[in-house]
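One structure is given here, and the rest of the page talks about it.
Since the structure is predicted, the reported quantities are computational estimates derived from the model, not experimental observations. Remember, it's 1-based here, ligands and their atoms both numbered in the order they're listed. Heavy atoms only: backbone and side chains are in, while hydrogens, waters and symmetry mates are out.
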Amino acid sequence: MLSRRLEACKSERREYEQVRVFTQVDALLAFLGLERSQLPDLDDEPESFGLRVPRAFAERMRPGDPEDPLLRQVLPLAAERRPVAGYVADPVGDTAAERAPGLLVKYAGRALLMLTGLCAIHCRYCFRRHFPYQALGPNQTHLERALEEIASDPSLTEVILSGGDPLMLDDDRLDALIQGLEHIDHLKRLRLHSRLAVVSPVRLTARLAARLTAGRLASTLVIQANHPHELDESVRLALLDWRAAGVTLLNQSVLLFGVNDRVETLVELSERLFACGVLPYYLHGLDPVAGSAHFQVSDVEARRLLAELRTRLPGYLVPRLVREIPGAPAKQPLE
Ligand SMILES: *Cc1c(COP(=O)(O)O)cnc(C)c1O
Ligand code: SF4
């Protein structure tokens, strides 16, 4: 098992060194054998949130398929520029919930800490695509204040490391931060919300898993996969290693038109997650962030999908269908 994992890592690293990440639409299309004429609504120069796709993720796309569900998640479209009523820059009230720069407290006992604005991949549906990350300052300088704020509130028992993507920080930086959190007596749990786990599974180092499980705080990794094709063998082996090390693994998805809005896809996603040692947690209704309207699935359709999913899967493989309502004390069930 370990040697298989090592081989998978080695070959992935080699490829990573050639074209690590696609940032040009033309290069990605050439890699996939696609013509521009097959994608009439392309946007070549999105203003601030450009194309960004690691090679390892692009390799899981079907060559020659303009409708590929992984491609759809990352390809900038002109539709993003068209204003749609109700689609705004901060759809979930993040700025109003900020207690210190990068520290959000919306729900009882839980604080969400943004470590960085950086991500390995740019997901077009991202609800934080317009978040003013510059205000966090360079090199995680905001973290010290955030830790003081967490230490001063004994009602907090869980810290969620988020971003951007918290795994963009290297193991040493994460280690230092986790040490700081472990010194805060009222904390019991640590959660990492990361898309890198799927997009670039080499980032799931054995060292970090060992650090998490040896630490005082019970740790959970919440991955973000929307489609079963995202979970290839390299992802499965990396996740199984983390699970074997003792990290609890959950998944959250966003329900996306043209990506995962079919019962068959959602069934396959849950089954594949389980094979990777991961339980489905949330299926989020899309947050109405400006530029994402073309991904919206209606509530009626979402409920229909979930009702059907329930007839197809054991209860523990059915995610909770939720939506975030600004100001609400929890994510709201949509069913
Ligand atoms: C979603 C979210 C959480 C986590 O909510 P859970 O229901 O515990 O998964 C915590 N804090 C913030 C600010 C969030 O947006
Ligand atoms: S990885 Fe997460 S934070 Fe980054 S663009 Fe994708 S959804 Fe947004």
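Among all protein heavy atoms, the one lying closest to atom 3 (S) of ligand 2 is C119 SG, 3.6 Å. Regarding atom 1 (C) of ligand 1, its nearest protein heavy-atom neighbour is K331 NZ, 1.7 Å. Nearest to atom 4 (C) of ligand 1 among the protein's heavy atoms is I160 CD1, 3.6 Å. At the shortest separation from atom 7 (O) of ligand 1 among protein heavy atoms lies Y282 OH, 2.6 Å. Scanning all protein heavy atoms for the shortest distance to atom 12 (C) of ligand 1 gives L112 CD1, 3.8 Å. Residue, atom and distance of the protein heavy atom nearest to atom 1 (S) of ligand 2 are R195 CB, 3.6 Å. Looking at atom 9 (O) of ligand 1, its nearest protein heavy atom turns out to be Y281 OH, 2.7 Å. Protein heavy atom in closest approach to atom 6 (Fe) of ligand 2: C123 SG, 2.4 Å.
Each of the following atoms of ligand 2 lies closer than 4.0 Å to a heavy atom of C126: 3 (S), 5 (S), 7 (S), 8 (Fe). In summary, the atoms of ligand 1 found under 4.0 Å from a heavy atom of R110, numbered by their order in the structure, are 5 (O), 6 (P), 7 (O), 8 (O). Atoms of ligand 2 lying under 4.0 Å from any heavy atom of Q224, numbered from 1 in the order shown and given with element: 7 (S).
Considering backbone and side-chain atoms together, Y107 places no N or O closer than 3.5 Å to any N or O of ligand 1. For ligand 1, the polar-atom distance check finds no N/O of R128 at less than 3.5 Å from any of the ligand's N/O atoms. Considering backbone and side-chain atoms together, R191 places an N or O closer than 3.5 Å to an N or O of ligand 1.
Partner of L75 under the side chain to side chain contact (heavy atoms under 4.5 Å, CB included) criterion, chosen from L34, D41, L42: L42. The side chain to side chain contact (heavy atoms under 4.5 Å, CB included) test with T116 is passed by exactly one of L143, D165, L169, L161: L169. Just one residue in the list T157, T248, L217 forms a side chain to side chain contact (heavy atoms under 4.5 Å, CB included) with R189, and that residue is T157.
Residue H183 qualifies as open at atom NE2: its count of foreign heavy atoms under 6.0 Å is 12 or below.
The proximity of V105 to ligand 1, defined as any non-hydrogen pair under 4.0 Å, does not occur for either the backbone or the side chain.
Contact between E324 and ligand 1 is present, with at least one heavy atom of the residue lying under 4.0 Å from the ligand. Not a single heavy atom of H193 sits closer than 4.0 Å to an atom of ligand 2.
Taking the six-membered ring for Trp and thresholds of 30 and 60 degrees, F31 and F22 have ring planes inclined between 30 and 60 degrees apart. Between Y133 and F131, the ring planes lie tilted relative to each other; the angle falls in the 30° to 60° range.
Considering CG of L256 and CZ of R124, their distance stands at 13.0 Å, rounded to 0.5 Å. A distance of 11.5 Å separates CZ of F57 from CG of L196, quoted to the nearest 0.5 Å.
Distance alone, capped at 3.5 Å, places no donor-acceptor pair between the D287 side chain and the V289 backbone.
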- Hey, mind stepping through E59 and R55 against salt bridge (charged side-chain N to carboxylate O under 4.0 Å, His left out) and telling me if it holds? CA-CA 6 Å; E59 277 170 354; R55 185 190 175 104; 3.0 Å; yes
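Tracing side-chain contacts under 4.5 Å through hydrophobic residues (I, L, V, M, F, W, Y), one never reaches L112 starting from I150; they form parts of separate clusters.
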